Student: 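Right, I'll just put the structure down here and ask away after.
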Amino acid sequence: MIKKGQKIPNETLVNFVDGEIAKQSIHEILKGKNAVIFALPGAYTPTCSATHLPGYSEKFDELATLGIDFIGCLSVNDAFVMESWKKQLGARQEIVMLCDGNGDFSEKLGMLVNKRDLGFGLRSWRYAMHVQNLVVQKVFCEDKNTPGDPFEVSDAQTMVKYLTTG
Ligand code: BEZ
């Protein structure tokens with residue numbers, strides 16, 4: 001699993017860019033940025049829709065005040081689904097949907113998990129990380145030994161607290 005101090009691996013994502021589907025390398029996206037990325041098991045799923053994405057949307061301005069200049073929402077979903085979900089929730093437009101449809105980036109991060117029991121196939125584990133110019137500063141990873149879909153540490157409020165107090 002990716003850890004503090006490591007450079008994030010490079011991978012190609014297929015995102016919506018200016019209304020069009022486009023390939024983008026994650027290094028190209030995050031180079032020089034003071035970024036927060038939160039990752040979740042799926043667009044339109046209950047906790048992700050009720051709390052995880054809305055939480056980061058609500059805290060967008062507070063995170064910006066704390067020096068964050070990029071917030072990305074990562075999921076193993078395609079760009080059409082991710083963009084439609086963001087619109088449906090009325091989330092902040094500035095949040096960039098990072099669409100790891102094939103799961104390759106999540107796999108390189110050690111965050112790809114098997115959710116076949118739910119009919120989801122391979123998905124991202126739920127976590128959040130602070131990445132400065134491609135180097136990981138902090139990972140808030142939900143406990144992989146807890147069954148189901150724990151959501152205790154990867155929320156926006158925890159990220160705000162960490163950025164405020166270190
Ligand atoms: C949820 O976000 O609530 C959820 C995620 C994955 C599977 C089931 C539910």
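In listed order, ligands and their atoms are each counted from 1. Treat the numbers as computed from the prediction; the structure is a model and nothing was measured.
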Student: Please collect all side-chain hydrogen bond (donor to acceptor under 3.5 Å, both in side chains) contacts where either partner lies in residues 40-51, sequence neighbours excluded, each pair once.
Tutor: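 Qualifying pairs: Tyr44-Ser84, Ser49-Trp85.
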Student: Return all side-chain donor-acceptor pairs below 3.5 angstrom for residues 127-134, not counting sequence neighbours, or 'none' if the list is empty.
Tutor:
unit_1 : atom_1 : unit_2 : atom_2 : d
His130 : ND1    : Tyr162 : OH     : 2.8
His130 : NE2    : Asn34  : OD1    : 2.7
Gln132 : NE2    : Asn34  : OD1    : 3.4
Asn133 : OD1    : Gly32  : N      : 2.7

Student: Charged N to carboxylate O under 4.0 angstrom, Glu142 versus Arg126?
Tutor: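 No, no charged N to carboxylate O under 4.0 Å.
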Student: Indicate the ring-plane relationship of Phe38 and His52, choosing parallel, tilted or perpendicular according to the 30° and 60° boundaries.
Tutor: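 Rings of Phe38 and His52: tilted, 30 to 60°.
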Student: Can you see whether Lys59 engages Gln157 through a side-chain donor-acceptor pair at a distance of less than 3.5 angstrom?
Tutor: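 There is such a pair between these side chains.
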Student: Can you list the residues that meet the salt bridge (Lys or Arg N to Asp or Glu O under 4.0 Å) rule with Glu83, with sequence neighbours excluded?
Tutor: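 Residues passing salt bridge (Lys or Arg N to Asp or Glu O under 4.0 Å) with Glu83: Lys86.
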Student: Dump all N/O pairs between ligand 1 and the protein below 3.5 Å as a table: atom names plus distance, one pair per row.
Tutor:
unit_1   : atom_1 : unit_2 : atom_2 : d
ligand 1 : 2 (O)  : Thr45  : OG1    : 3.0
ligand 1 : 2 (O)  : Thr47  : N      : 3.0
ligand 1 : 2 (O)  : Cys48  : N      : 3.2
ligand 1 : 2 (O)  : Arg126 : NH2    : 3.2
ligand 1 : 3 (O)  : Pro46  : N      : 3.4
ligand 1 : 3 (O)  : Thr47  : N      : 2.7
ligand 1 : 3 (O)  : Thr47  : OG1    : 2.9

